[in-house]
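Just so you know, these numbers come straight off a predicted model, no measurement behind them.
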Amino acid sequence: MRLPVFDTNRTPLMPTTPARARLLLKLGKARPYWNKLGIFCIILTYDVKPDNQPLVVGIDPGSSFEGWSVVGTNDTVLNGMSETPKHVKKAVELRRILRRARRHRKCWRRPARFNNRLQGRTFLPPSTFARWNARVRILEQLQKILPITAVVVEDVAAVTKKDSKRWNTNFSPLEVGKALFYQKIRELGCDLYLRAGYETKALRERFGLKKTGQKSKQTFASHAVDAWVMAADVSGAERPTEQGLYYWIPLRWHRRQLHMVQPAKGGIRKPYGGTMSMHFTRGALVRHVKHGLTYIGGTLKDRVSLHSTATGKRLTQNAKVSDLELLTTIRWRGQFLAQIK
């Protein structure tokens with residue numbers, strides 16, 4: 001495992017070991033920092049000359065889970081496994097139902113848009129866009145903390161069938177989203193390499209690594225192994241020096257919802273949603289005097305609720321603002337899962 005390092009100008013340097021990071025923090029030569037993925041980093045307090053080596057990130061995209069691995073010429077910097085956003089389809093359907101209900105009740109609503117939805121753009125379903133955009137956001141966060149120079153992606157090919165218009169039409173959003181993702185990678189200034197599924201399998205056999213059939217298992221062998229072999233094929237690494245991984249789950253905020261969908265007694269809907277709790281942004285990573293490292297959820301009667309960064313479980317609803325130390329804002333909750341031998 002390696003920890004990301006910044007210089008005094010917030011430029012990413014080569015990552016270091018946890019032992020060296022602890023020493024630098026103890027001597028006052030570095031200060032702690034967390035990025036939006038919840039990855040712990042250090043910022044040096046003295047000037048150094050960058051001497052970066054090329055790092056390659058491998059990405060194994062999937063419909064529910066994805067694998068990530070950042071590999072250098074010899075060492076494995078980090079491995080990751082992330083969950084994809086799954087709430088978008090139902091959220092869009094519920095929003096449409098409520099909007100149409102408001103229209104018939106003559107309440108405020110946006111104007112109807114029946115005939116101009118695709119003017120000047122290619123259609124991409126919201127759920128598909130959310131998955132591909134989440135990959136872009138994770139890649140951007142990794143590039144901000146590590147000197148990444150190349151990206152290797154397992155190319156997901158949609159198989160077309162002759163005389164099967166419905167099948168081919170349903171798979172077209174996959175190709176559109178994939179093209180958008182590849183374009184974003186090039187805009188980030190990274191070299192893009194593609195590997196087919198059979199090539200990834202051949203790479204696993206070449207490196208002598210096995211993949212488990214349990215897709216949801218939070219281990220290196222579920223998805224990160226494919227990301228590692230693709231990245232190692234480009235970087236030149238010979239074996240994975242780290243098989244522990246970060247497990248990331250995207251946080252969901254109800255930014256535009258004003259109240260509960262179901263009315264309470266008396267026909268009054270309780271307030272719901274928003275992005276602020278007191279003067280904190282929801283998702284702010286804080287250190288509490290009792291509960292330690294947590295993130296902020298909702299608010300109630302001048303108190304805020306705190307949630308575990310590992311499980312998302314609410315720890316308390318009665319945290320005082322004076323007992324909190326603001327660290328940063330996260331958009332994924334996660335934890336580091338050490339390799340189980």
Side-chain angles (χ1 to χ4, degrees), residues 2-6 10-15 33-41 52-72 76-86 88 124 127-156 174-195 200 220 222-235 237 242 245-251 283 328-334 336:
R2 293 289 188 270
L3 296 181
V5 181
F6 294 98
R10 292 289 184 94
T11 301
L13 305 175
M14 289 302 292
Y33 173 75
W34 288 264
N35 77 333
K36 290 186 177 181
L37 290 173
I39 299 176
F40 179 76
C41 317
N52 294 338
Q53 301 174 8
L55 296 180
V56 182
V57 56
I59 306 175
D60 177 30
S63 59
S64 297
F65 302 96
E66 297 171 336
W68 302 79
S69 187
V70 181
V71 184
T76 304
V77 177
L78 66 83
N79 301 307
M81 179 177 173
S82 62
E83 293 186 9
T84 59
K86 303 181 183 69
V88 178
L124 190 63
S127 57
T128 303
F129 174 78
R131 286 195 295 270
W132 288 105
N133 189 53
R135 296 176 186 121
V136 173
R137 293 168 59 203
I138 292 179
L139 181 59
E140 288 176 341
Q141 290 302 316
L142 292 176
Q143 192 185 38
K144 288 180 179 180
I145 62 175
L146 296 169
I148 295 172
T149 58
V151 180
V152 192
V153 185
E154 186 174 70
D155 192 35
V156 184
L174 173 64
E175 295 294 331
V176 176
K178 184 175 67 174
L180 176 65
F181 183 52
Y182 295 164
Q183 178 184 352
K184 292 292 184 180
I185 292 176
R186 295 186 180 97
E187 291 176 359
L188 292 175
C190 297
D191 298 329
L192 175 62
Y193 299 88
L194 301 178
R195 296 291 184 269
T200 305
F220 175 78
S222 57
H223 296 276
V225 61
D226 282 350
W228 187 91
V229 296
M230 291 187 295
D233 182 47
V234 175
S235 68
E242 173 63 55
L245 56 82
Y246 290 94
Y247 190 81
W248 300 307
I249 301 175
L251 297 178
T328 186
T329 302
I330 60 174
R331 286 295 173 252
W332 285 264
R333 65 174 178 85
F336 181 78

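Using a 4.5 Å cut-off on side-chain heavy atoms (C-beta onward), Arg195 and Asp233 make contact. Side-chain contact between Asp191 and Thr149 is absent, with no heavy atoms from C-beta onward closer than 4.5 Å. Taking the side chain as every heavy atom from C-beta outward, Tyr193 and Val234 approach each other to under 4.5 Å. Two residues are said to be in side-chain contact when any heavy atoms from C-beta on lie closer than 4.5 Å; Leu3 and Val5 fail this criterion.
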I'd like a table of donor-acceptor pairs (distance under 3.5 Å, sequence neighbours excluded) in which one partner is a side-chain atom from residues 53-68, with atom names and distances.
{"unit_1": "Glu66", "atom_1": "OE1", "unit_2": "Ser82", "atom_2": "OG", "d": "3.4"}
{"unit_1": "Glu66", "atom_1": "OE2", "unit_2": "Arg135", "atom_2": "NE", "d": "2.1"}
{"unit_1": "Glu66", "atom_1": "OE2", "unit_2": "Arg135", "atom_2": "NH2", "d": "2.8"}
{"unit_1": "Trp68", "atom_1": "NE1", "unit_2": "Ser82", "atom_2": "OG", "d": "3.0"}

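Residues passing the ring pair (Phe, Tyr, Trp, His ring centres under 6.0 Å) test with Phe336 are Tyr246, sequence neighbours excluded. By the side-chain contact (heavy atoms from CB on, under 4.5 Å) test, Ala237 is found to be paired with Val71, Trp228, Ala232, Ser235, residues two or more places apart in sequence or in another chain being considered. Listed by chain and number, the residues in a side-chain hydrogen bond (donor to acceptor under 3.5 Å, both in side chains) with Glu154 are Thr200 (sequence neighbours excluded). Residues satisfying the salt bridge (charged side-chain N to carboxylate O under 4.0 Å, His left out) criterion with Asp155, sequence neighbours excluded, are Lys178. Partners of Asn35 by side-chain contact (heavy atoms from CB on, under 4.5 Å), not counting sequence neighbours, listed by chain and number: Tyr33, Leu37, Ile39, Gln141, Ile145. Not counting sequence neighbours, the partners of Phe40 by the ring pair (Phe, Tyr, Trp, His ring centres under 6.0 Å) test are Trp34. Applying the salt bridge (charged side-chain N to carboxylate O under 4.0 Å, His left out) test to Arg333 and every residue at least two apart in sequence or in another chain returns nothing. For Lys36, there are no side-chain hydrogen bond (donor to acceptor under 3.5 Å, both in side chains) partners at least two apart in sequence or on another chain. Among residues two or more places apart in sequence or in another chain, the salt bridge (charged side-chain N to carboxylate O under 4.0 Å, His left out) test is passed with Arg131 by none. Take Arg331 and apply the side-chain hydrogen bond (donor to acceptor under 3.5 Å, both in side chains) test, not counting sequence neighbours, and it matches no residue.
Note: Ile249 CD1 to Glu83 CD = 4.0 Å, rounded to the nearest 0.5 Å. Considering CD of Gln183 and CG of Leu192, their distance stands at 12.0 Å, rounded to 0.5 Å.
Applying the salt bridge (Lys or Arg N to Asp or Glu O under 4.0 Å) definition to pairs two or more places apart or across chains, none involves residues 136-152.
Of the candidates Pro12, Pro4, Cys41, Leu146 forms a side chain to side chain contact (heavy atoms under 4.5 Å, CB included) with just one, namely Pro4.
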